[in-house]
Peer 1: 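Shown below is the structure under consideration.
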Amino acid sequence: MGFRVGVVGVGPVGDRIVRVLRERNFPVDGNLTVMATHRRSEVLADQEFLVEECSADLFQGLDIVFFAGREGAKGASIEWGKVATDAGAWVVDNGGDFRMDPAYPLVVPEVNMDAVTGENKHICSPNCSSIQMVVAIAPIHRAARIKRIVVSTYQAVSGWGLKAMNDLERQLPAHVAKQQVPYHPDVFTRPIVLDCIPHIDHFTDDGYTKEELKMLNETRKILDEPEMAITATAVRVPVMIGHAEAINLELEAPLTRGEALDILRDPEQSPGVVVIDGPTKDPAAAEQRHAPEELQYPTQADILKSEYQDMVLVGRVREDHTVENGLNLWCVADNLRKGAATNVVQIAEELIARGMLG
Ligand SMILES: NC(=O)c1ccc[n+]([C@@H]2O[C@H](COP(=O)([O-])OP(=O)(O)OC[C@H]3O[C@@H](n4cnc5c(N)ncnc54)[C@H](OP(=O)(O)O)[C@@H]3O)[C@@H](O)[C@H]2O)c1
């Protein structure tokens, strides 16, 4: 049985949604209905699509619509989210407009799919940096309860959108040729080539950026821990695709490096996680998921490998001896796939598995 599927938005996230649906053989009935702000033909995931201008009649008859549009009052979810659910479709939304509204489930399938009850058919997918962090830390939280998180991010330019990727691509040759480096001031405040910018999304009155507050608020909501202490510093780095995070955890119960690795290497306890952490003293354990020569630590380049592209890679697991029950880890994921497209398609797959779609 197939489902009638719509996609709103054809930026990098919309492109990856089309690709991930195809790669995972998502049961699509007929053609995808692809929508954006205006009608044209567009190549998505190496295939040509007729992109329709969003209109209410296009949502009629759809079973599920993946939203990958811009946020805000004139953005896709605010303009079309309710139109889609009123037409009877499920909405799985990459945007941030409704994530913190208590009436909307905010979901990472490996962690809290049970938040979806069917009462509200508009499901939100978290911010890319929140998704990879909760996949990595939820198993640790279940085992030893997290009291406090200090996280620093190293986020790719694709997290901003296509324009930022084009900017970095244009800046590289100009930088090498020692020419003036071009940049769009509405993307980042300065050229990103060979620089790191500690500024993602707008600043708030107390000096944090909205991206940092998203990590705090969304993680609390997903883990259902409204009081959890979390502080974040979000940094944009000159990487095209892939976010990395250095995460410091303070736990209620002690957890050794070995115990944490055992948990994170166990697919039952840690779905969606691949550990790349070595050299290890236990080659048998290492071979469960990886060839020994790969054992070191993950970087953003690793998540472009097909076997890792939908996973959260974790490494550098070590005890932090400066606090009671401290643990450090490093994690990396593809912000466009697990941080966005793969997460929404996995949510849809879970809706099917639970008999909720259709
Ligand atoms: N990039 C990431 O790593 C990432 C990760 C997680 C979540 N997200 C979220 O995912 C969404 C998409 O990200 P992106 O990077 O692909 O964005 P993008 O490059 O800016 O593309 C946005 C797309 O949405 C369409 N759109 C905007 N407003 C619309 C409206 N009112 N009605 C219909 N279509 C509309 C645009 O249409 P036109 O092409 O016609 O202008 C465009 O195709 C954003 O909400 C973003 O915050 C992104």
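All ligand and atom numbering here is 1-based and tracks the order in the structure.
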Peer 1: Report the part of W80 in contact with ligand 1, treating N, CA, C, O as backbone and CB onward as side chain, heavy atoms under 4.0 Å; options are side chain, backbone, both, neither.
Peer 2: side chain
Peer 1: Number the atoms of ligand 1 from 1 as they appear, then name those within less than 4.0 Å of a heavy atom of G9, with their elements.
Peer 2: 23 (C), 24 (O), 25 (C), 43 (O)
Peer 1: As a test of understanding, state which of R220, R145, R148 forms a salt bridge (Lys or Arg N to Asp or Glu O under 4.0 Å) with E225.
Peer 2: R145
Peer 1: Identify, by atom number and element, the atoms of ligand 1 in contact range of G11, meaning under 4.0 Å from any of its heavy atoms.
Peer 2: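 Checking each atom against G11, I get 16 (O), 19 (O), 21 (O), 43 (O).
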Peer 1: Look at the side chain of R22 and the backbone N and O of V18, then say whether any donor-acceptor pair between them is shorter than 3.5 Å.
Peer 2: no
Peer 1: Tell me the contacting part of K163 for ligand 1: side chain, backbone, both, or neither, using a 4.0 Å heavy-atom threshold, strictly below.
Peer 2: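 No part of K163 comes within reach of ligand 1.
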Peer 1: Enumerate the atoms of ligand 1 whose separation from the nearest heavy atom of L162 is less than 4.0 angstrom.
Peer 2: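 Answer, ordered by atom number: 19 (O).
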Peer 1: If you take all heavy atoms of S41 and E48, which pair is closest and at what distance?
Peer 2: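 Smallest heavy-atom distance, with atoms named: OG-OE2, 2.9 Å.
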Peer 1: Is there a heavy atom of N127 sitting under 4.0 angstrom from any atom of ligand 1?
Peer 2: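 For ligand 1, residue contact (heavy atoms, under 4.0 Å) with N127 is absent.
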Peer 1: Closer than 3.5 angstrom, by distance alone: can the side chain of N248 be matched with the main-chain N or O of V150 as a donor-acceptor pair?
Peer 2: no
Peer 1: Can you pull out the closest protein heavy atom to atom 40 (O) of ligand 1? Residue, atom name and distance to 0.1 Å, please.
Peer 2: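 Among all protein heavy atoms, the one nearest atom 40 (O) of ligand 1 is T37 OG1, 2.4 Å.
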Peer 1: Just distances here: any N/O of A340 and N/O of ligand 1 closer than 3.5 Å?
Peer 2: no
Peer 1: Which of the numbered atoms in ligand 1 are under 4.0 angstrom from any heavy atom belonging to N335?
Peer 2: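 Counting atoms of ligand 1 from 1, those under 4.0 Å from N335 are 3 (O), 5 (C).
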Peer 1: Could you tell me, atom by atom, which parts of ligand 1 come under 4.0 Å of a heavy atom of S158?
Peer 2: 1 (N), 2 (C), 3 (O)
Peer 1: Drop me the distance from E252's CD to N325's CG, to the nearest 0.5 angstrom.
Peer 2: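 If I round to the nearest 0.5 Å, the distance is 9.0 Å.
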Peer 1: Taking S77 for its side chain and G81 for its backbone only, find out whether a donor-acceptor pair lies under 3.5 Å.
Peer 2: no
Peer 1: Does a side-chain heavy-atom distance below 4.5 Å link V134 with E110?
Peer 2: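 In short, these two side chains do not touch, never coming nearer than 4.5 Å.
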Peer 1: If we ignore hydrogens and angles and just use 3.5 Å, is the side chain of E319 paired with the main-chain N or O of R257 as donor and acceptor?
Peer 2: yes
Peer 1: What protein heavy atom sits nearest atom 48 (C) of ligand 1, and how far off is it?
Peer 2: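 Minimum-distance protein heavy atom for atom 48 (C) of ligand 1 reads V13 CG2, 3.5 Å.
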Peer 1: Could you tell me if R70 sits above the aromatic ring of W160, with its cationic atom closer than 6.0 Å to the ring centre and no more than 45 degrees from the axis?
Peer 2: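 That pair qualifies as a cation-pi contact.
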Peer 1: To the nearest 0.5 angstrom, please state how far the CG atom of L261 sits from the CZ atom of R318.
Peer 2: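 L261 atom CG to R318 atom CZ measures 11.5 Å (nearest 0.5 Å).
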Peer 1: To the nearest 0.1 Å, how far is atom 27 (C) of ligand 1 from its closest protein heavy atom, and which atom is that?
Peer 2: R70 N, 3.4 Å
Peer 1: Counting each atom of ligand 1 from 1 as listed, which ones have a heavy atom of V10 under 4.0 Å away?
Peer 2: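 Listed by number with element: 23 (C), 39 (O), 42 (C), 43 (O).
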Peer 1: Got the closest protein heavy atom to atom 39 (O) of ligand 1, with its distance?
Peer 2: R40 NH2, 2.8 Å
Peer 1: Using side-chain hydrogen bond (donor to acceptor under 3.5 Å, both in side chains), reason through Q155 and N335 one step at a time and then give a plain yes or no.
Peer 2: CA-CA 8 Å; Q155 299 183 220; N335 53 297; over 6 Å; no
Peer 1: If you have a sec, work out which protein heavy atom is nearest atom 23 (C) of ligand 1 and how many Å separate them, to one decimal?
Peer 2: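 For atom 23 (C) of ligand 1, the nearest protein heavy atom comes out as A68 O, 3.5 Å.
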Peer 1: Distance under 4.0 Å to a non-hydrogen atom of V8: what atoms of ligand 1 satisfy this?
Peer 2: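 So the atoms of ligand 1 that pass are 33 (C), 34 (N).
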Peer 1: Name the option, out of G242, G96, G69, that contains the heavy atom nearest to atom 44 (C) of ligand 1.
Peer 2: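 Selected option, by shortest heavy-atom distance: G69.
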Peer 1: Tell me which one of A76, S130, G339 gets a heavy atom nearest to atom 6 (C) of ligand 1.
Peer 2: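 Minimum heavy-atom distance to atom 6 (C) of ligand 1 goes to G339.
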Peer 1: Could you identify the single nearest non-hydrogen protein atom to atom 10 (O) of ligand 1 and state the distance to 0.1 Å?
Peer 2: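 Answer, as residue, atom name and distance: N94 CB, 3.4 Å.
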Peer 1: Atom 15 (O) of ligand 1: which protein heavy atom is closest, and how many Å away?
Peer 2: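 Answer, as residue, atom name and distance: G161 CA, 3.4 Å.
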Peer 1: Taking the non-hydrogen atoms of M35, is any one of them nearer than 4.0 angstrom to ligand 1?
Peer 2: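 Not so, M35 does not reach ligand 1.
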Peer 1: Show which atoms of ligand 1 fall inside a sub-4.0 Å distance from at least one heavy-atom site of H38.
Peer 2: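 Those qualifying, in numeric order: 40 (O).
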Peer 1: Check if E53 has a non-hydrogen atom at a distance under 4.0 Å from any atom of ligand 1.
Peer 2: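 E53: no contact with ligand 1 (<4.0 Å).
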Peer 1: Give the residue, atom name and distance (to 0.1 Å) of the protein heavy atom nearest atom 47 (O) of ligand 1.
Peer 2: E71 OE2, 3.0 Å
Peer 1: May I ask you to decide if D57's main-chain N or O and Q60's side chain share a donor-acceptor pair within less than 3.5 Å?
Peer 2: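 Not confirmed, Q60 side chain does not pair with D57 backbone.
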Peer 1: Can you tell me how far apart OG1 (T153) and NE2 (H243) are? Round to the nearest 0.5 Å.
Peer 2: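 Those atoms lie 7.5 Å apart.
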Peer 1: Working note: T342 + R16, criterion side-chain contact (heavy atoms from CB on, under 4.5 Å); need CA distance, chi angles, decisive distance, verdict.
Peer 2: CA-CA 8 Å; T342 303; R16 294 318 187 278; over 6 Å; no
